[in-house]
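See structure below.
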Amino acid sequence: MKKIVLLCAALLVGTLSAGAWTRVVDKAVLVVAYKNLNPQTQRILKSYIGEDITKPAGHLAWHRKNGRMLESEGWHRLHLDSKLQPAAKDENDAFVQIEKALEIVRNSKQYKREEVALAIQIVMNLVTDMHNIANVTLESYPMSAADFQFYTSKGTAGGRKAKTIQYSWRNQWTFRYGGFHSGYTHDMYAEDIDLMFGDKKAEFSKGSLRDWAHDIGTYTTAVYELLQKNDNHFLHATVQAHEPLHMSCVARAAYRLAVLLNENLK
C-alpha cells in the first residue's frame with residue numbers, strides 16, 4: 001500500500017518547527033486553550049512553563065535549532081491507515097509522542113520536574129501540529145500531493161489571463177491562511193477563533209485523542225478528494241473557500257488541547 005507523503009516546502013520561516021503553523025496561529029491556539037482550562041489546571045500549567053502561556057509555541061523547533069535532537073520532523077506528522085486510525089509502527093509520529101508525553105504528565109510524581117515540563121510542552125506543540133492538514137499522511141490513498149497547482153486571479157486586470165502557479169501543499173496549510181491575517185497579534189487571532197467556533201466547543205471537544213485523529217483524517221480526505229477531482233489543481237476561489245476549514249482546524253486544536261490538559265495535568 002502506498003502512502004501519501006506530504007513533503008516539507010523548501011521555505012521555512014524563522015524558527016518554526018516542521019509542521020507548525022505560523023507563530024501567531026500557534027500562539028493563538030495556546031491562548032484559546034488556556035482560557036478553557038479550569039483554574040487549578042491553569043495554576044499547575046503556569047508553575048511548569050511560567051506566566052507566558054504562549055512560550056511553548058515552537059519549543060521543539062528551538063531544540064532542533066540549538067542542536068538538541070529531541071524530535072524529528074516525523075514527530076509532527078499524523079499517520080493514518082485506510083480506516084483513518086493511527087497507523088504508526090514506531091515513535092516517529094505525533095499521535096505516538098502525544099500519548100508518551102501524556103503518560104509522563106499523568107504520572108508526574110514519578111518524573112523529574114524538567115521531564116514533566118518538557119512533556120507538557122510536547123503535548124502543547126504536537127496537538128497543535130496534528131491538526132495541520134499538511135501533516136496528515138494517509139495510507140493507501142491513490143495520489144500524492146507534495147505540491148499542487150491553483151489558479152490565481154492575479155494578472156486578470158486589463159484583460160490579462162489568470163496564471164497557473166505551483167504552490168507547496170505545506171505552505172498552503174501552514175503559512176498561506178495565517179498570512180491572510182498578517183496584521184494580527186496572537187490575541188486577535190484567538191479572539192477570532194472564539195467568535196467563529198465558540199458555539200462548537202463542546203462538539204469539537206467530544207471523544208478521545210484517537211477519535212480526534214479520525215476526525216482530522218476525515219476532513220483531510222475530503223480535501224484530497226477535491227484535489228484529485230480537479231487534477232491536482234485548486235482554483236483560486238477554492239483556496240479562499242477553504243479558509244474556514246483551516247480556522248476550524250485551529251479551533252479544534254485549541255479546544256482539544258484544553259481537554260487533554262484538564263484531564264491529565266493534576
Side-chain angles (χ1 to χ4, degrees), residues 8 12-79 86 88-132 135 174 186 208-210 212-213 216 250 252-266:
C8 282
L12 293 176
V13 178
T15 60
L16 288 172
S17 61
W21 280 311
T22 66
R23 184 59 58 85
V24 168
V25 179
D26 284 356
K27 288 186 174 184
V29 169
L30 304 189
V31 169
V32 174
Y34 182 78
K35 290 179 180 178
N36 287 277
L37 298 180
N38 62 54
Q40 179 183 355
T41 306
Q42 288 181 343
R43 288 194 297 271
I44 296 172
L45 182 62
K46 282 191 172 182
S47 74
Y48 279 106
I49 68 171
E51 289 296 315
D52 182 5
I53 194 60
T54 68
K55 184 179 178 180
H59 180 75
L60 300 183
W62 182 88
H63 280 276
R64 282 187 90 190
K65 183 180 179 182
N66 288 277
R68 303 185 182 187
M69 301 306 293
L70 276 178
E71 49 87 24
S72 72
E73 183 180 303
W75 272 32
H76 304 275
R77 299 192 181 177
L78 178 66
H79 300 78
K89 301 297 190 296
D90 56 34
E91 297 184 349
N92 204 28
D93 172 79
F95 185 89
V96 172
Q97 292 298 339
I98 292 169
E99 286 199 319
K100 284 183 61 180
L102 286 175
E103 184 67 19
I104 294 173
V105 175
R106 280 192 295 268
N107 299 284
S108 58
K109 294 181 180 179
Q110 301 176 24
Y111 295 90
K112 295 179 181 179
R113 182 177 180 80
E114 57 268 26
E115 292 176 316
V116 179
L118 176 59
I120 291 170
Q121 295 187 73
I122 287 173
V123 172
M124 296 176 81
N125 276 236
L126 297 187
V127 169
T128 301
D129 289 349
M130 71 178 274
H131 284 82
N132 182 342
N135 292 336
T174 302
H186 55 267
S208 64
L209 183 63
R210 185 171 292 272
W212 302 336
I216 294 165
V250 176
R252 284 175 166 89
Y255 298 134
R256 291 167 177 176
L257 175 58
V259 168
L260 289 180
L261 292 177
N262 277 328
E263 290 179 348
N264 294 279
L265 191 58
K266 298 177 181 179

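All figures in this text were calculated on a predicted structure; none of them were measured in a lab.
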Donor-acceptor under 3.5 Å ([X] side chain, [Y] main chain):
X	Y	value
Asn125	Ala57	no
Thr128	Met124	yes
Gln97	Glu91	yes
Gln121	Leu118	no
Asn107	Gln110	no

Say whether Asn262 and Asn38, considering side chains only, have a donor N or O and an acceptor N or O under 3.5 Å apart. yes
Establish, from distance only, whether the side-chain atoms of Arg23 and His186 form a donor-acceptor pair under 3.5 Å. no
Nearest atoms (heavy-atom pairs only) where [X] meets [Y]:
X	Y	value
Ile104	Glu115	CG2-O, 4.0 Å
Ala33	Ala254	CB-O, 3.4 Å
Ala94	Leu126	O-CD1, 4.2 Å
Ala101	Ile122	CB-CG2, 3.9 Å
Asn36	Ala258	CB-CB, 3.7 Å

Spatial distance of atom [atom1] ([X]) from atom [atom2] ([Y]) [nearest 0.5 Å]:
X	Y	atom1	atom2	result
Ile98	Trp212	CD1	CH2	9.5 Å
Leu78	Asp129	CG	CG	11.0 Å
Asp90	Asn92	CG	CG	5.5 Å
Leu257	Leu30	CG	CG	6.5 Å
Gln42	Leu265	CD	CG	11.0 Å

Begin from the C-alpha positions of Lys46 and Tyr34 and carry the test side-chain contact (heavy atoms from CB on, under 4.5 Å) through to its verdict. CA-CA 10 Å; Lys46 282 191 172 182; Tyr34 182 78; 3.0 Å; yes
Under the side chain to side chain donor-acceptor pair (under 3.5 Å) criterion, do His76 and Asn135 qualify, and how do the steps go? CA-CA 7 Å; His76 304 275; Asn135 292 336; 5.8 Å; no
Salt bridge (charged side-chain N to carboxylate O under 4.0 Å, His left out) with Glu99: which residues, sequence neighbours excluded? none
Would you say Lys35 has more than 12 foreign heavy atoms packed within less than 6.0 Å of its NZ? yes
CA sep, side-chain torsions, deciding dist, call: Ser208, Glu263, side-chain contact (heavy atoms from CB on, under 4.5 Å): CA-CA 11 Å; Ser208 64; Glu263 290 179 348; over 6 Å; no
Decide, yes or no, whether a salt bridge links Glu103 with Arg106 under the criterion of side-chain N to carboxylate O below 4.0 Å. yes
Is there a side-chain contact between [X] and [Y], using heavy atoms and a 4.5 Å cut-off?
X	Y	result
Ser108	Tyr48	yes
Lys55	Ile49	no
Met130	Arg77	no
Leu102	Val123	yes
Asp93	Trp75	no
Arg210	Phe95	yes

